[in-house]
> 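Have a look at this one before I ask anything.
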Amino acid sequence: MSIQERVMVSMKNIFTSYVKNIKGFDCNIKLYLATVFVSNLGFGAFRAVFNLYILSMDMTPAFLGIVLSLTPFAAAIASIPIGFLAEKIGYKRSFLLVNFVIGGAYFMQIISPNQALIMIGAFLAGLAACGNFIIQLPFVSHYAKENKNQAYTLMSLVFMLGNSIGALIGGSIFNWVDLLFSNEALSYRVILAFFSLVIIAGSIPLFFMDEDKPTAHKKISLSPYLKGIDITTVKFAAVEIFIGFGLAFVALFLNVIFVYYFNSSLEMFGIMSAVLVIPVIFFLFTGPSIAEKITGLRVVLISRFVSIFLTLMVVLTQNVYIGSGAYILYRSLLGLAQSLWFAFAISLATKRSRMATAAWLEITFQIGLGIAALVGGRLIASESYLMLGILSSAATAMSFLLTYLFFGRKRAQPQTG
């Protein structure tokens, strides 16, 4: 059998295994996957269009940086309260609350050119958005049980698929919408208003989830979040802040980089977002199988090491194809690494501290995003695009180093006795 045939057989076996696992997933997991896909159609369109909408109204890149920072800073503030609330009211009610608030907050950001309203909407979106991640980790752990790796990986796949399709649609329809309105800012606003309603529509499958309100006498403590936080959670949180830094410097401003640095187009950005799905699917499908052979942590370490160079390559030249290729590979490896990283984090957390671990991962990740958004906005204003890649690469290197020091080195040592 040739190497090509072996690869095809291997991929077929992996795909068959995935389909089998998906069929065996709890109904609540399947319903949540539907919500993730639909909502991310909206998030993807916002990712493609929102920055350019702000700049089209002659608002400064520095103001854009402030707006982009408000959402992650609000998420960092709300992470512990959201985690505590989710334990109080259950997964279903928490997801519904989060989705409706996010959709409304996104609509608030684009319904008017008023800067104060835009900033309030961005802040409100962050207050709720952190809930998607924080609630998702223990939710999947609870319902997927022994299939956690496959479930987290599939969640990442559906997230990227919805996000990429949304970005493709948002980037592709702008010229058509602009033909109708002949006003750049208004055309962006119409597209964003529609997709904010799509985010809200993503809540529909959640209504069919099982009721899971905790029993009235169940004791829920803030101790795992604050005073009783364990050292393992602290280590994961420390790594996550640099992952946020590394991602934000290139990802938050990528559509601006495409239009103003690569001298390309919004449509090209949408196409790149769609192409991104192909390697993401490959890595996410093969990831758990690779992890079983060389351990998930080693996959995470390898992915983060390679990403040190990829983040720099995104802006190393003004060639849109080199930059796109580097970003596509970086985001593919990041999706693979993060799905395995989250499963690893939850596996080390006690049942009592799972929500707290998820909350602190979200807090530090969002702090990294927020600081990078503020700095990145000023770098964009001064057209220092190369510095975005340098800072992203440096942060990614720190995430690799800390992951190895905290977790990899111990596991690399030979067992004695």
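Atoms considered below: every heavy atom in the structure, side chains included; atoms not considered: hydrogens, waters and symmetry mates. One is the number of the first residue; the rest follow in order along the sequence.
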> Do Y53 and R189 come within less than 4.5 Å of each other through their side chains, counting heavy atoms only?
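Contact flag for Y53/R189 side chains = yes.
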
> Which distance, rounded to the nearest 0.5 Å, do you find between the CD1 of I118 and the CD1 of I111?
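Those atoms lie 11.5 Å apart.
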
> For the OG atom of S273 and the CE atom of M268, what is their distance to the nearest 0.5 Å?
10.5 Å

> To the nearest 0.5 Å, tell me how far M398 CE sits from L405 CG.
8.5 Å

> Should Y385 and I380 count as side-chain neighbours, where that means a heavy-atom distance under 4.5 Å?
yes

> Would you call K92 and L96 a side-chain contact if the rule is heavy atoms closer than 4.5 Å?
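K92 vs L96: side chains touch.
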
> Hey, does the side chain of T71 reach the backbone of L68 with a donor-acceptor pair shorter than 3.5 angstrom?
no

> Going by the angle between their ring planes, with limits at 30° and 60°, are H142 and Y91 parallel, tilted or perpendicular?
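Rings of H142 and Y91: tilted, 30 to 60°.
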
> Could you tell me whether the side chain of M57 reaches within less than 4.5 Å of the side chain of Y188, counting heavy atoms only?
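Y188 vs M57: side chains apart.
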
> Ignoring hydrogens and angles, tell me if any N or O in the side chain of S69 forms a donor-acceptor pair with the backbone of I66 under 3.5 Å.
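Answer holds: yes.
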
> Would the F305 and F309 ring centres measure less than 6.0 Å apart?
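Yes, they do, as the ring centres are separated by less than 6.0 Å.
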
> Can you check side chain to side chain contact (heavy atoms under 4.5 Å, CB included) on I199 and F107, steps first, answer last?
CA-CA 10 Å; I199 293 172; F107 189 77; over 6 Å; no

> Is the backbone of L379 close enough, under 3.5 Å, to the side chain of S382 for a donor and an acceptor to pair up by distance?
yes

> Rounded to the nearest 0.5 Å, what separation is found between the CG atom of L329 and the CG atom of L334?
11.0 Å

> Quick check: does any side chain N or O of T396 sit under 3.5 Å from a backbone N or O of S392, one acting as donor and the other as acceptor?
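Yes, because the side chain of T396 sits within donor-acceptor range (under 3.5 Å) of the backbone of S392.
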
> Nearest heavy-atom pair of I82 and C130: which atoms, and what distance?
CG1-SG, 3.8 Å

> Tell me the closest heavy-atom pair linking V315 and Y261, and the distance in Å.
O-OH, 2.9 Å

> Let's go through L206 and L31 carefully: what are the C-alpha distance in whole Å and the side-chain angles of both, what is the deciding distance for side chain to side chain contact (heavy atoms under 4.5 Å, CB included) to 0.1 Å, and is it a yes or a no?
CA-CA 6 Å; L206 298 174; L31 288 168; over 6 Å; no

> What is the distance from atom CE of M108 to atom CG of L117, rounded to the nearest 0.5 Å?
6.0 Å

> Side chains of W360 and E240: do they bring a donor and an acceptor to under 3.5 Å?
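Per modelled atom types, W360 and E240 side chains form no pair under 3.5 Å.
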
> How far apart are the closest heavy atoms of A395 and F242, and which atoms are they?
O-CB, 3.5 Å

> Hey, is CE on M387 packed in by over 12 heavy atoms from elsewhere, all under 6.0 Å?
no

> Quick one, F50 and L192 - any side-chain contact, counting heavy atoms below 4.5 Å?
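A side-chain contact exists here, since the closest heavy-atom pair is under 4.5 Å.
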
> Any donor and acceptor pair, going by atom type alone, linking the side chain of N255 with main-chain N or O of R47 inside 3.5 Å?
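At least one qualifying donor-acceptor pair exists.
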
> Tell me whether F63 at atom CZ has more than 12 heavy atoms from other residues, nucleotides or ligands lying less than 6.0 Å away.
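Counting neighbours around CZ of F63, more than 12 heavy atoms of other residues, nucleotides or ligands fall under 6.0 Å, so yes.
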
> State, without any angle test, whether T35 and N99 hold a side-chain donor-acceptor pair at a distance under 3.5 Å.
no

> Pairing donors with acceptors under 3.5 angstrom, does anything connect the side chains of Y260 and E383?
no

> For the residue pair A326 and M313, what are the closest heavy atoms and their distance?
CB-CB, 3.7 Å

> Please check if the side chain of N28 supplies one atom and the backbone of D210 the other of a donor-acceptor pair under 3.5 Å.
yes

> Any side-chain heavy-atom pair from Y143 and M209 closer than 4.5 angstrom?
no

> Atom CG in L369, atom CG in L374: separation rounded to 0.5 Å?
11.5 Å

> How close do F258 and F262 get, counting heavy atoms only, and between which atoms?
O-CB, 3.4 Å

> Between N51 (side chain only) and L252 (backbone N and O only), is there a donor and an acceptor less than 3.5 Å apart?
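Yes, N51 side chain to L252 backbone: donor-acceptor pair under 3.5 Å.
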
> How far apart are the C-alpha atoms of V375 and F249, what are their side-chain angles, what is the distance that settles it, and do they pass the side chain to side chain contact (heavy atoms under 4.5 Å, CB included) test?
CA-CA 8 Å; V375 175; F249 279 118; 4.0 Å; yes

> Look only at the side chain of S393 and the backbone of I308, and say whether a donor-acceptor pair between them is shorter than 3.5 Å.
yes

> Please report the closest heavy-atom contact between F253 and A373, naming both atoms and the distance.
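The pair with the smallest heavy-atom distance is CZ-O, 3.5 Å.
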
> With side chains defined as the heavy atoms from C-beta onward, is the minimum distance between L254 and R331 less than 4.5 Å?
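Side chain of L254 against side chain of R331, heavy atoms only: no contact under 4.5 Å found.
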
> Determine whether I29 and F139 satisfy the following criterion, side chain to side chain contact (heavy atoms under 4.5 Å, CB included), listing intermediate values before the conclusion.
CA-CA 8 Å; I29 295 282; F139 167 80; 4.0 Å; yes

> Counting C-beta onward and ignoring hydrogens, is there a side-chain heavy-atom pair between W341 and F407 closer than 4.5 Å?
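In short, these two side chains touch, coming nearer than 4.5 Å.
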
